[in-house]
**Student:** 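First the structure, then my questions, so here it is.
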Amino acid sequence: MVSVAIITTVPNFVSPEEHKNIIGSTPRSFHDIPSVLRHKEVNVSVSLDPPLDEFTTEDSANGVLYVIESALVYMSSTGRGFQIEYPAITLHAISRAEGSSPSIYCQLDEAAGEPPADEASEDVSDMRELSIAPQNLVSLEPIFEAMSFCASLHPDLNMSEDDDADDAFVSADQFATFTGEEGEELSEVGRVRSVNNNRYAPY
């Protein structure tokens, strides 16, 4: 299963204010209410590693990021985009690695949504890396916070409480992307972000 789904139109969404008004009007069906947009960022470039054949370098150069409660969506200025469901995002972080522009770094699980692997194959996991680089660097923190909130709405149903506790903190040497010079902090949903003081501190 591929974690990144190619799209040509942005999914329907509403603002938090619109959602509040819809709920207050007692809709006929709550299932028909569009998802809430938690953050929108223009002038964003992305990179996928390994890349997708159907998503070119030109597609990745500039677009709009939509942090919607149902999915993380990127729509390129070329008219081609992608969406990723939050259970497939196993980690997201603010990366300030030396030698590269600050970005939101994500690890994507290509097996998301599939039955748990047996013990013989549990160590074999197909991962994809995603980097999200907004032109406005001040937006890194709001994007991170919006992604953390949306991820908390989609808990991993295949993860036990013991697994969740074991994965709450990750060691620095697992991720060469992070220099560790500015430290990293875990959010409540096990995501990582850079901070200025303690390397690993409860969020």
**Student:** For L137, check side chain to side chain contact (heavy atoms under 4.5 Å, CB included) against everything at least two apart and list the hits.
**Tutor:**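 Partners of L137 by the side chain to side chain contact (heavy atoms under 4.5 Å, CB included) criterion, ordered by chain and then number, come out as P102, L140.
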**Student:** For residues V10 and I7: do they belong to one hydrophobic cluster (side chain heavy atoms under 4.5 Å, members Ile, Leu, Val, Met, Phe, Trp, Tyr)?
**Tutor:** yes
**Student:** Listed by chain and number, what are the side-chain hydrogen bond (donor to acceptor under 3.5 Å, both in side chains) partners of S76, not counting sequence neighbours?
**Tutor:** T78
**Student:** Taking atom CD1 of I104 and atom NE2 of H92, what is their separation to the nearest 0.5 Å?
**Tutor:** 7.0 Å
**Student:** Return the set of residues passing side-chain hydrogen bond (donor to acceptor under 3.5 Å, both in side chains) with R128 (not counting sequence neighbours), or none when no residue passes.
**Tutor:** E110
**Student:** Under the rule for side chain to side chain contact (heavy atoms under 4.5 Å, CB included), what residues qualify as partners of S77, not counting sequence neighbours?
**Tutor:**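 Expected list: N62.
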**Student:** Can you name the residues that form a side-chain hydrogen bond (donor to acceptor under 3.5 Å, both in side chains) with E17, not counting sequence neighbours?
**Tutor:** S15
**Student:** Quick one: list whatever passes ring-ring contact (aromatic ring centres under 6.0 Å, His included) with Y66, sequence neighbours left out.
**Tutor:** F13
**Student:** Are Y86 and L153 packed together at the side-chain level, in the sense that at least one heavy-atom pair is separated by less than 4.5 angstrom?
**Tutor:**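 They are not in side-chain contact.
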**Student:** Taking only residues two or more places apart in sequence or in another chain, which ones pass side-chain hydrogen bond (donor to acceptor under 3.5 Å, both in side chains) with S131?
**Tutor:**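 S131 satisfies side-chain hydrogen bond (donor to acceptor under 3.5 Å, both in side chains) with no other residue.
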**Student:** Any salt bridge (Lys or Arg N to Asp or Glu O under 4.0 Å) involving residues 61-72? Give me the pairs, sequence neighbours left out, ordered by first then second residue.
**Tutor:**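 Checked against salt bridge (Lys or Arg N to Asp or Glu O under 4.0 Å) - neighbours excluded - the pairs reaching residues 61-72 are R38-E69.
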**Student:** For residues 41-52, pull every pair meeting side chain to side chain donor-acceptor pair (under 3.5 Å), keeping only residues two or more places apart or in separate chains.
**Tutor:**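 Side chain to side chain donor-acceptor pair (under 3.5 Å) check on residues 41-52 returns H39-E41, E41-S139.
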